[in-house]
Amino acid sequence: MINITLPDGSIKQFEAGVTALDVAKSISEGLARNVLSATIDGEIKDLSMPITNDCNLKLNTWNDEDGKHTFWHSSAHLMASAVQALYPNAKFGIGPAIEKGFYYDIDFGEDVLREEDFAKIEKKMTEIVQQGVKLVRKEVSKQDALDYFGSKNEQYKVELIEGLEDGKITFYESGDFTDLCRGPHLSDFSPIKAFKITSLAGAYWRGDEHNKQLTRLYAISFPKKKELDEYLQMLEEAKKRDHRKLGKELELFAFSQNVGQGLPLWLPKGTELRKRLENFLAKVQKQYGYVQVMTPHIGNVNLYKTSGHFQKYGKDSFQPIQTPQEGEEYMLKPMNCPHHCEIYRLMPKSYKDLPYRVAEFGTVYRYEMSGELHGLTRVRSFTQDDAHIFCTQDQIKEEFCKVIDIVLYIFKTLKFENFTAQISLRDPNNKEKYIGTDEVWDKAENAIIESVAEKGLNAVTETGEAAFYGPKLDFMVKDALGRSWQLGTIQVDYNLPERFNLEYIGADNQKHRPVMIHRAPFGSMERFVAVLLEHTAGEFPLWLTPDQYIILPISEKYEQYAKQVGQTLNMADLRGTIDNRNEKTGKKIRDAEIKKIRYMLIVGEKEEAEGLVSVREHLKGDLGAMKMEDFAKLVQEEVRKELE
RNA sequence: GCCGAUAUAACUCAGUUGGUAGAGUAGCUGAUUUGUAAUCAGCCUGUCGGGGGUUCAAGUCCCUCUAUCGGCUCCA
């Protein structure tokens, strides 16, 4: 007999060789029907796997991430089975479960797969499910595995097997389709009741752009048709929050083919909103002892040779422009830091001047590949809320911690609660990618790790993700469709001070090298506004929103009074407009609601007579009449609360 | 840059097998003088993304360029 410990801590006894499915049956028939896989001592396994020793067992259903993972992974095999039946020459890459669904990378050879082929594949998948095909696990030797896939010319599988250890190789058979796979899987396809192939994309084999590009089929599946419908519905809803759509509707920004791709045009309302964000941050930075500077949009190419950016990114940048007479080369500014280093160098610095914190809302230009451009989140011209902190070795941690405080304050004020923090370290196996010695890299990496620990920040660590000049701490936030974007960033840099030969005179009257911290709490104004738009669905906080109110006169007769109200509110530092169109009040309200304007002020005979405004709040309705001064106070108070 | 898709009025979208373009919204004009999510009537709006080709005839078919969308790769 063996003891099996369940997640609630209870221990049950079974005969050795019992399966997880048997355990589920012993608990309840319903569980046995819904269980998808088992997590045994932390490893996900097939339900049919005999259990021979004492263990901790968790039974995974659709409600567990592990259960979903198993379900989608098996769904990928189902899709591959259908593809193999329809395209006998297809060669298979990998087909994993992902956060939302699954995909399979397939080499279709001469055939070109199009979206119109999806229906055909889905139909075949349905047939396979209906045939009651089972998923059978087989253990095979490395040689047998190589022979099997070799004989079928499955070059990608052969390549994968070559990297595996003999004795740990398993196949899963489902009808005529056999796949190299670690598992686990469902015992058959019957639970997969609803599925949809969602998109098709090119994907380089093993993620390397030098390899052949395979065709990746993205899909999703569910145990119930209703769940699929709800998922598709949810996707539609998410698209309504897309910043590109809202940016157009709310007249915040635009793009023009005539201006060029990836070059955003900030419209009046978007510009004002962005300015408010910039002023907000500038005020915070002033409190933290920053000084504000402005630098040109171009710089001599030698500046970027000094910084190392030209060697690293010169080929992939907008190419330098030449002065007509002297033939000197100037680059569009891809980074603000070299300019700031020059500002540091202008006058000799004492240790008493440090930390020296130079901030700039600096617009930079980078040649991003055309396929990468995406609304405001990935553009070729953007404004960083940049600053560089020049400090001593001993000040790094304190300065780093202060920047973390600024980032957290901003996220809190704007209610970004679901962010993740990521520490990016260099790849120790690929050191030639980076500039700087082992010693300075170790120092910088430790400074970040210690600061994060000190601030109690919950961060993931990624090796190989560091910038070429130093390690960093990034803050990531997801957009409406669940894509992750990097916003805030803090980076320690020992290299630029070296390259620019920056110095300060210490208390010992000797020259020392300062350390530099690059940081941008928003990241870029463009990306930040984009993500903010998607988070708020365009329902901005009152302090940020373009129009806080709109005045709706009942008829032309009250236009004069409406103007008087507008004047009073303007003097109280509120912002809004008057809708004096010849429309009925219901229409004006409807339009104001669609434009997401927070307060609608209805003015007619009664209001004019008593100096009142009738206030209607967006999405909430009538708040009743009040004095216009009281309305102004209400808005001012709310703005104050939002920013405290 | 690569794979696949898309491009019609200011916006959202129709446009059958090729026969020189439509709707709603917005805009303009007039009537109405309006009280918490759409007042009525009339009018205007297009190099059908650009260029080339096939055809008696192209929004529709083919080629090419540009931009956009979903991914891959990249992201100082």
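Everything numeric in this text was worked out from a predicted model, so none of it was measured. Numbered from 1 within each chain, the chains take letters A, B, ... in sequence-line order.
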Exercise. Just how far, in rounded Å, is P of B:C74 from OH of A:Tyr367?
Worked result: 17 Å
For this session: Please evaluate the base of B:G50 for a donor-acceptor partner in the side chain of A:Gln257 within a cut-off of under 3.5 Å?
Result: no
For this session: Compare side-chain N and O positions of A:Lys587 against OP1 and OP2 of B:A26 and report whether any pair is under 4.0 Å apart.
Result: yes
Exercise. A:Tyr313 stacking on B:A76: centroids under 5.5 Å, ring planes under 30°?
Worked result: yes
Problem set entry | Sub-6.0 Å ring centroid separation between A:His518 and A:Tyr469 | yes
Problem set entry | Residue-phosphate contact under 4.0 Å: A:Arg581 side-chain N/O, B:A26 OP1/OP2 | no
Exercise. In whole Å, what separates the C1' atom of B:A23 from that of B:C48?
Worked result: 16 Å
Exercise. How long is the line joining CG of A:Leu376 and P of B:C69, in whole Å?
Worked result: 11 Å
Exercise. Using 30° and 60° as the class limits, which term best fits the ring planes of A:Phe253 and A:His243: parallel, tilted or perpendicular?
Worked result: tilted
Problem set entry | Whole-angstrom distance between B:G27 and B:C11, as gauged at atom C1' | 12 Å
For this session: Please state whether the phosphate of B:G70, meaning OP1 or OP2, lies under 4.0 angstrom from any side-chain nitrogen or oxygen of A:Arg244.
Result: yes
Exercise. OP1, OP2 of B:U36 versus side-chain N and O of A:Lys620: anything below 4.0 Å?
Worked result: no
Exercise. Contact class for A:Lys212 vs. all strands (heavy atom < 4.0 Å): base, sugar-phosphate, or nothing?
Worked result: nothing
Problem set entry | Side chain of A:Lys584 - closest among B:U39, B:C74, B:G71 | B:U39
Problem set entry | Nearest-angstrom distance, P atom, B:G18 to B:U55 | 16 Å
Exercise. How far, in whole Å, is B:A9 from B:G15 if one measures between their C1' atoms?
Worked result: 14 Å
For this session: Using whole Å, report how far NZ of A:Lys588 lies from C1' of B:A38.
Result: 14 Å
Exercise. Taking only side-chain nitrogens and oxygens of A:Arg483, does any of them come within less than 4.0 Å of OP1 or OP2 of B:G71?
Worked result: yes
Exercise. Within this structure, what is the CZ-to-C1' distance between A:Arg216 and B:C72, rounded to whole angstrom?
Worked result: 7 Å
Exercise. Where the side chain of A:Ser370 is concerned, which of B:U34, B:A76, B:G1 is the nearest nucleotide?
Worked result: B:G1
Problem set entry | Euclidean distance, atom CG of residue A:Asn582 to atom P of B:A41 [Å, nearest integer] | 15 Å
Seminar exercise, completed: When A:Leu373 and A:Leu619 are each assigned the nearest nucleotide of RNA chain B, the 5'-most assignment goes to A:Leu619
Seminar exercise, completed: To the nearest angstrom, the CG-P distance between A:Asn258 and B:U47 comes to 13 Å
For this session: Look at the side chain of A:Tyr204 and the base of B:G1, then say whether one donor and one acceptor between them are separated by less than 3.5 Å.
Result: yes
Exercise. In terms of side-chain heavy atoms, does A:Thr295 have a donor or acceptor partner in A:Lys333 at a distance below 3.5 Å?
Worked result: yes
For this session: Compare side-chain N and O positions of A:Gln261 against OP1 and OP2 of B:U68 and report whether any pair is under 4.0 Å apart.
Result: yes
For this session: Nearest whole angstrom, please: distance from the C1' of B:C3 to the CG of A:Asp105.
Result: 11 Å
For this session: Just call it for A:Glu249: base, sugar-phosphate, or nothing, with non-hydrogen atoms closer than 4.0 Å on any strand.
Result: nothing
For this session: Between B:U45 and B:A7, how far apart are the P atoms? Round to whole Å, please.
Result: 25 Å
For this session: Sticking with atom P, work out how far B:A21 lies from B:G59, rounded to a whole angstrom.
Result: 8 Å
Exercise. Is A:His374 near enough to B:G70 that one of its side-chain N or O atoms lies under 4.0 angstrom from OP1 or OP2?
Worked result: yes
Problem set entry | Flag for A:Thr377-A:Glu526: side-chain donor and acceptor within less than 3.5 Å | no
For this session: Indicate whether any N or O donor in one side chain lies under 3.5 Å from an N or O acceptor in the other, for A:Gln384 and A:Asn336.
Result: yes
Problem set entry | Separation of B:G1 P from A:Phe318 CZ (nearest whole Å) | 12 Å
Exercise. Hey, is the side chain of A:Glu368 pairing donor to acceptor with the base of B:C75 inside 3.5 Å?
Worked result: no
Seminar exercise, completed: Contacts of A:Ala467 and A:Asp242 projected onto RNA chain B by closest heavy atom; the upstream (5') one is A:Asp242
For this session: Taking the six-membered ring for Trp and the full ring for Phe, Tyr or His, determine whether the centres of A:Trp485 and A:His374 are under 6.0 Å apart.
Result: yes
Exercise. Counting side-chain heavy atoms from C-beta on, which of B:U36, B:A37, B:G1 comes nearest to A:Asp622?
Worked result: B:U36
Exercise. For atom P, what is the distance between B:G53 and B:A58, given to the nearest Å?
Worked result: 12 Å
For this session: Give the intermediate values and the outcome of salt bridge (Lys or Arg N to Asp or Glu O under 4.0 Å) for residues A:Arg114 and A:Asp117.
Result: CA-CA 6 Å; A:Arg114 297 172 200 285; A:Asp117 301 319; 5.7 Å; no
For this session: Please determine, for the side chain of A:Arg590, which listed nucleotide (B:A38, B:U34, B:U36) has the closest atom?
Result: B:A38
Exercise. Can you tell me if the side-chain N/O atoms of A:Arg378 get under 4.0 Å from OP1 or OP2 in B:C75?
Worked result: no
Exercise. So, is A:Tyr558 near the phosphate of B:G35, with a side-chain N or O under 4.0 Å from OP1 or OP2?
Worked result: no
Problem set entry | Separation of the P atoms in B:G30 and B:U68, to the nearest angstrom | 41 Å
Exercise. Cationic tip of A:Lys91 within the cone over A:Tyr156's six-membered ring, i.e. under 6.0 Å and within 45° of the normal?
Worked result: no
For this session: Taking only the side-chain nitrogens and oxygens of A:Lys248, find out if one of them lies under 4.0 Å from OP1 or OP2 of B:A10.
Result: no
